[in-house]
Amino acid sequence: MSHASPDPGHRDERSGEDELWEAVADPSRRKVLDLILAHGQATPTTLAAELPVTRQAVAKHLAILTRAGLVEAHRHGREVRYTPRAERVDAAARALASAAEAMAAAAARWDQRLNAIKRLAEAQARSGQTEPPAMG
């Protein structure tokens, strides 16, 4: 069950984090965000012209990026232009870097474990043991 905040601009920290991960999980959405960052602002039509997707698909990606707080929409006449929200993009970059560091640390721990298993298996093979040593 969701609890609405009295402040409509307030975002529950957990749901904001989930929205951020959802937004950057999709490669097409990252490309949309990259184009907006490169241009400083963009319309769905200009983005669709640079991507192998429809304008409707771009609009869906923009809705998710907006909900995550990574971009914001500004109406100029009949046109809606999207601009990056620098502080949120920076937070996303830090979160991704932190996740990459955590994954690298986990991979290093698994490498150590697998190397230990390999050494045990090689030692068993050299000694002619067929049963693993008793753990205990």
Item to complete: Would you give the length of the straight line joining atom CZ of R78 to atom OG1 of T43, rounded to the nearest 0.5 angstrom?
Response: 12.5 Å
Worksheet item: What are the two closest non-hydrogen atoms of D26 and S28, and how far apart are they?
Response: OD1-N, 2.8 Å
Worksheet item: What distance do Q41 atom CD and L47 atom CG have between them, rounded to the nearest 0.5 Å?
Response: 10.5 Å
Ignoring hydrogens and angles, write down the donor-acceptor pairs under 3.5 Å from the side chains of residues 90-103, residues two or more places apart or on other chains.
from	atom 1	to	atom 2	distance (Å)
D90	OD2	R94	NH1	2.3

Worksheet item: Within the side chain of R88, is there an N or O that forms a donor-acceptor pair under 3.5 Å with the backbone of A68?
Response: yes
Response to the item:
For I64 and A23, the nearest pair of non-hydrogen atoms, with its separation, is CG2-CA, 3.9 Å
Worksheet item: Does T46 reach the main-chain N or O of A42 with its side chain, forming a donor-acceptor pair under 3.5 Å?
Response: no
Discussion item. How close do T66 and Y82 get, counting heavy atoms only, and between which atoms?
Written reply: OG1-CE2, 3.6 Å
Worksheet item: Taking the side chain as C-beta and beyond, is there a heavy-atom pair between T83 and H74 under 4.5 Å?
Response: yes
Discussion item. Determine whether H39 and E50 satisfy the following criterion, side chain to side chain donor-acceptor pair (under 3.5 Å), listing intermediate values before the conclusion.
Written reply: CA-CA 12 Å; H39 296 302; E50 295 186 50; 2.9 Å; yes
Worksheet entry | Distance-minimising heavy-atom pair for L62 and V32 | CD2-CG1, 3.8 Å
Worksheet entry | Atom pair CZ/CD of R126 and E122 - distance to nearest 0.5 Å | 6.0 Å
Fill in: Results of salt bridge (Lys or Arg N to Asp or Glu O under 4.0 Å) for E79 - residues two or more places apart only
R81
Worksheet item: Once you round to the nearest 0.5 Å, how far does CG of L20 lie from CZ of R67?
Response: 12.5 Å
Worksheet item: Can you name the closest pair of heavy atoms from T54 and A48 and give their distance?
Response: C-CB, 4.1 Å
Worksheet item: Looking at NZ of K60 and CG of L65, how far apart are the two atoms once the value is rounded to the nearest 0.5 Å?
Response: 14.5 Å
Worksheet item: Given side chains that start at C-beta, do those of K31 and R29 come closer than 4.5 Å, heavy atoms only?
Response: no
Item to complete: Considering non-hydrogen atoms only, spot the tightest contact between L51 and V58 and give its length.
Response: CD1-CG2, 4.1 Å
